[in-house]
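Notes to accompany the following structure.
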Amino acid sequence: MKKLPLGFGLIAIGLMGWGLQVRTANAAAQDEAATPEFYTTKVQPIFQANCYRCHGGMNHRGGLNIQTRAGMLKGGHDGPVLIPGDPENSLLVRLIRHEGPPKDPMPMPPKQPKLSDADIATVEKWVKAGAIMPDDVQK
């Protein structure tokens, strides 16, 4: 009879340890997203491949430049596209999810397939972590 409670106790300790590892891994992933390196290695390539043609370099369609954090915070003709820490209310995230207003602004990128779920999740994670960028990212 005493072996049964001991077995449950060991299982409970094992599950608590596993839960701690999962929380630690999630916290580490979120911490990683709060670094300038996360932006330059994960987010910026997504923007370069899908957004810079219209909203980077010399092109600022809709008055929006997404090459700098200040540009996203200022926004374009429709206002700011980025609310650091709040992906659900950031227009940038809503548009790449194709969840924007029915008329304008249109889903992004326009006339192209929606970004992959993995790319959208990367941008969401970055925004949730505070949308940290190096000071002068201009590549």
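Note: hydrogens, waters and symmetry copies are ignored here, and every other heavy atom, side chains too, is used.
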hydrophobic_cluster_shared for Leu73 and Ile132, side chain cutoff 4.5 Å: no
Closest heavy-atom pair and its distance - Gly130, Arg69: O-NH2, 2.9 Å
Nearest-0.5 Å distance that lies between atom CZ in Arg61 and atom NE2 in His77: 11.5 Å
All pairs passing salt bridge (charged side-chain N to carboxylate O under 4.0 Å, His left out) where residues 107-124 contributes a residue, at least two apart: Arg97-Glu124
ILVMFWY cluster, Tyr39 and Ile46 together (side-chain gap under 4.5 Å): yes
Rounded distance (nearest 0.5 Å) linking atom CD of Glu37 with atom CD of Glu32: 9.5 Å
Same apolar cluster (I L V M F W Y, side chains within < 4.5 Å links), Ile120/Val81: yes
same_hphob_cluster(Met108, Tyr52) at 4.5 Å side-chain heavy-atom cutoff: yes
Inter-residue atom distance Leu95.CG - Cys51.SG, 0.5 Å rounding: 10.0 Å
Student check: side-chain heavy atoms of Phe38 and Lys125 closer than 4.5 Å: yes
Lys42 NZ to Gln44 CD distance, which is reported to the nearest 0.5 Å: 14.0 Å
Note, Arg94 side chain near Leu91 side chain (heavy atom, < 4.5 Å): yes
Minimum heavy-atom distance Ile83-Val127, with the two atoms named: O-CG1, 3.6 Å
Over all atoms of both residues, closest heavy-atom pair of Met72 and Leu92: SD-CD2, 4.3 Å
Cys54 side chain reached by Asn59 side chain, heavy atoms, under 4.5 Å: no
Donor-acceptor contact below 3.5 Å, side chain Asn65 vs main chain Gln67: yes
Plane angle bin for Phe47 and Trp126 - parallel if under 30°, tilted between 30 and 60°, otherwise perpendicular: perpendicular
